[in-house]
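Side-chain atoms are counted along with the backbone in the values below, which use heavy atoms only and exclude waters and symmetry mates.
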Amino acid sequence: MAAPMLRWSCLGKRWVLACIDGGSRHGRGAAIGCTSRRKRGQSSVAQQPLITVQKSRKGEHEWAAVVGLEIHAQISSNSKLFSGSQVHFAAPPNSLVSFFDASLPGTLPVLNRRCVEAAVMTGLALNCRINKKSLFDRKHYFYADLPAGYQITQQRLPIAVNGSLAYSVSVGKKPSQVSTRTVRIKQIQLEQDSGKSLHDELRSQTLIDLNRAGVGLLEVVLEPDMSCGEEAASAVRELQLILQALGTSQANMAEGQLRVDANVSVHHPGEPLGVRTEVKNLNSTRFLAKAIDSEIKRQIHELENGRKILNETRSFDYKLGCTMPMRDKEGKQDYRFMPEPNLPPLLLYDTASLPPGADPQQVINIDWIRDRLPELPGKTREKLIQKYGMLPEHSFALLNEVGLLEFFQNVIKETGAEPKKVTSWVLNIFLGFLKQQNLAVNESPVTPSALAELLNLLDRKAISSSAARQVFEELWRSKGKTPSQIVSEKKLELMQDQEALERVCHTVMEGHPQVVMDMKRGNPRAINKLIGLVRKATLSRADPTVIKEILERKLLS
């Protein structure tokens, strides 16, 4: 019997597998949801009851998906985790490699204090318990870009454990329909990065760049509390903002400073968890969401067709939009973990346990770091909503673009315009131009001062809203000009002569008697046509609101 056609959709945040030919299949099969949530402390989201489709049609089955993440964030530090080699992106290959990075005999690791402080700061921001004693281990595996044949990490006792990350995810068609959810953080550990393999297909050879070897990483392990790509992408984006606010990582995914591995499995609700696969090295939140959803669909399709899911490592092909097999998944026993013999236990202190007379340069005080934590994105969004009355989705948009919040605040300082108008201009027009040109905020030709001056002209009705848009476009093209200069050069000032404007309105009404008649009969489109004709006659220098008032007054006289 031929396999039925399949249609994939995500209805009400549930994955639904519909057998188009209506034929029944063995087992239960295909809805996984982003709707199920679990209270902190419960073992797994997959083991909790799911909100399911109330009336399942014949041929429709339910699945639950489980998604966990391992996130590697490059620590913002001038030097590497265990050596004094400098850290610079895009430096010439093998130009930043110490003897220790190259694993020459007799070299020993020296722990970077900055990396430890960054790990503690991140753990505190993510509500983790900081272990006052943590250990380093060797994780053995062979790969060409790992010269020592092992990676120094924290497998037995990491620096921070049992945290949580709150994030928001869209739950409806409207942007304002968001739900706050929480994913548990299993642990945060310090570890060193490997080098980079550069594959030259033309010469059929692989070259090794060890500049990245030994760079300090924070591995943040999230519990399998998520159930679709959208949730995972939202959680990673929130973590990215937190790391950037803390300054512990620049978290630039395009430069490899934040890399995500996703563990994905599917199962029938109420049954044991399924076999998981790992999708490696996802370097954008968009691809992360697509990769996870693609892998969920693939696993359901495989199981529905009687095949098994292999415990393997896969990659995401963004061109094909699907995951591809890389290698069989290695178990922990393959890594031959052992204590790192060249590093003693890492000891941290709080104010109560700080040794008397301890040298501040030789110890790390957890409480001292906690007292100096900066404001986190969640708190910043709350303040924006309270202070400026903006919508929650607008507060998210301001923080999601690097530098945009600072730009917005600088505009607010220099303009008397209402915050809502400033928000609208920054998010709709300014950000729109940036995205069209694929520019970062700090590359914008329009400065906060220029936009503030433009909004001031608009606020005191020196120019119309359409003229303001023309001025902005000219500002974008002609760096160095001020809004006032552009308004003067292009003669975009609003007409201030009320008598002259009334004469223009009178002339337009006399020249279009039929439109005036339609207006008298209550046709709302008629007055809009007259307003357009008056604006055309005044070269768009008349305020539409004032024109409407004059036309209505003349109509009644």
Side-chain angles (χ1 to χ4, degrees), residues 68-77 79-83 87 100-101 103 108-141 143 146-165 184-195 212-224 239 242-243 246 248-249 251 257-261 263 278 280 330-350 363-366 369:
L69 301 178
E70 297 172 10
I71 303 166
H72 294 85
Q74 180 179 316
I75 299 171
S76 292
S77 172
S79 56
K80 297 182 181 181
L81 183 57
F82 298 118
S83 79
V87 178
F100 177 79
D101 303 330
S103 194
L108 294 173
V110 178
L111 185 58
N112 184 334
R113 177 190 178 95
R114 159 62 185 165
C115 293
V116 177
E117 291 176 336
V120 173
M121 186 180 294
T122 303
L124 292 172
L126 296 175
N127 310 302
C128 292
R129 174 169 60 84
I130 307 299
N131 286 322
K132 293 182 181 178
K133 178 182 179 181
S134 58
L135 305 171
F136 288 97
D137 305 278
R138 289 184 179 182
K139 176 182 178 181
H140 293 83
Y141 63 94
Y143 209 73
L146 193 70
Y150 62 84
Q151 176 192 42
I152 301 178
T153 183
Q154 293 187 307
Q155 187 261 342
R156 292 171 296 159
L157 189 58
I159 195 168
V161 294
N162 300 334
S164 62
L165 171 65
R184 292 170 299 152
I185 295 174
K186 180 181 180 182
Q187 64 190 54
I188 300 175
Q189 61 196 49
L190 281 165
E191 63 183 28
Q192 58 180 170
D193 206 348
S194 60
R212 203 173 66 183
V215 169
L217 297 179
L218 292 175
E219 180 175 358
V220 183
V221 182
L222 305 188
E223 295 281 13
L239 176 61
I242 291 173
L243 293 172
L246 294 171
T248 55
S249 175
Q257 295 168 348
L258 193 73
R259 309 191 294 273
V260 184
D261 301 336
N263 294 294
E278 182 181 32
K280 293 284 288 185
E330 301 168 358
K332 277 189 177 179
Q333 66 276 9
D334 297 322
Y335 293 128
R336 294 179 292 113
F337 283 102
M338 62 169 280
E340 169 54 57
N342 294 323
L343 286 168
L346 174 58
L347 301 179
L348 307 177
Y349 301 89
D350 56 20
V363 298
I364 291 179
N365 187 334
I366 299 169
I369 295 175

Are any side-chain N or O atoms of Gln187 and backbone N or O atoms of Ala160, one a donor and one an acceptor, separated by less than 3.5 Å?
no

Arg114: partners by salt bridge (Lys or Arg N to Asp or Glu O under 4.0 Å), with sequence neighbours left out:
none

Side chains of Val116 and Ile159, heavy atoms from C-beta outward: is any pair under 4.5 Å?
yes

Test side-chain contact (heavy atoms from CB on, under 4.5 Å) applied to Lys139 and Gln155, step by step
CA-CA 8 Å; Lys139 176 182 178 181; Gln155 187 261 342; over 6 Å; no

Side chains of His72 and Glu191: donor-acceptor distance under 3.5 Å anywhere?
yes

Side chains of Leu243 and Leu258: does their closest heavy-atom pair fall under 4.5 Å?
yes

Quick one about Ser249 and Ser76 (side-chain donor to acceptor, distance below 3.5 Å, no hydrogens or angles considered), yes or no?
no

Looking only at the side chains, is there a donor atom on one of Ser83 and Asp101 sitting less than 3.5 Å from an acceptor on the other?
yes

Any heavy-atom pair between the side chains of Glu278 and Lys280 that's under 4.5 Å?
yes

Please name all residues satisfying ring pair (Phe, Tyr, Trp, His ring centres under 6.0 Å) with Phe100, sequence neighbours left out, ordered by chain then number.
none

Rounded to the nearest 0.5 Å, how far does CD1 of Ile130 lie from CD1 of Ile369?
8.5 Å

Side chains of Asn162 and Ile185 in contact at under 4.5 Å (non-hydrogen atoms):
no

Taking every heavy atom of Tyr150 against every heavy atom of His140, the minimum-distance pair comes out as CB-CD2, 3.7 Å

Could you tell me the separation between the CG atom of Leu126 and the CE atom of Met121, rounded to the nearest 0.5 Å?
12.0 Å

Quick one: are Ile152 and Phe82 in side-chain contact, heavy atoms under 4.5 Å?
yes

Mind listing the side-chain donor-acceptor pairs of residues 337-348 below 3.5 Å, one per line with the distance, residues two or more places apart or on another chain?
from: Glu340; atom 1: OE1; to: Arg138; atom 2: NE; distance (Å): 2.7
from: Glu340; atom 1: OE2; to: Arg138; atom 2: NH2; distance (Å): 3.4
from: Glu340; atom 1: OE2; to: Asn342; atom 2: N; distance (Å): 2.9

For Tyr143, check side-chain contact (heavy atoms from CB on, under 4.5 Å) against everything at least two apart and list the hits.
Tyr141, Asp145, Ser197

Here the gap from Tyr335 atom OH to Thr153 atom OG1, rounded to the nearest 0.5 Å, amounts to 11.0 Å

Given side chains that start at C-beta, do those of Cys115 and Ser77 come closer than 4.5 Å, heavy atoms only?
yes

If only atom types and distance count, is the side chain of Asn131 paired as donor or acceptor with the main-chain N or O of Val161 below 3.5 Å?
no

Taken to the nearest 0.5 Å, the spacing of Thr122 OG1 from Ile188 CD1 works out to 6.0 Å

Can I get a per-line list of side-chain donor-acceptor pairs under 3.5 Å for residues 213-222, giving both atom names and the distance, sequence neighbours left out?
from: Glu219; atom 1: OE1; to: Gln189; atom 2: NE2; distance (Å): 3.0

Treating Arg113 as the side-chain partner and Val363 as the backbone partner, does any N or O pair qualify as donor plus acceptor under 3.5 Å?
yes

Interatomic distance, CD@Gln74 vs CD@Gln257, rounded to 0.5 Å, equals 5.0 Å

pair Asn112-Ser79: side-chain heavy atoms closer than 4.5 Å:
yes

Min side-chain heavy-atom separation Ile71-Arg259 under 4.5 Å
no

Salt bridge (Lys or Arg N to Asp or Glu O under 4.0 Å): which pairs involve residues 124-135, sequence neighbours left out?
Lys132-Asp350

Please round to the nearest 0.5 Å and tell me the distance separating atom CD of Glu117 and atom CD1 of Ile366.
12.0 Å

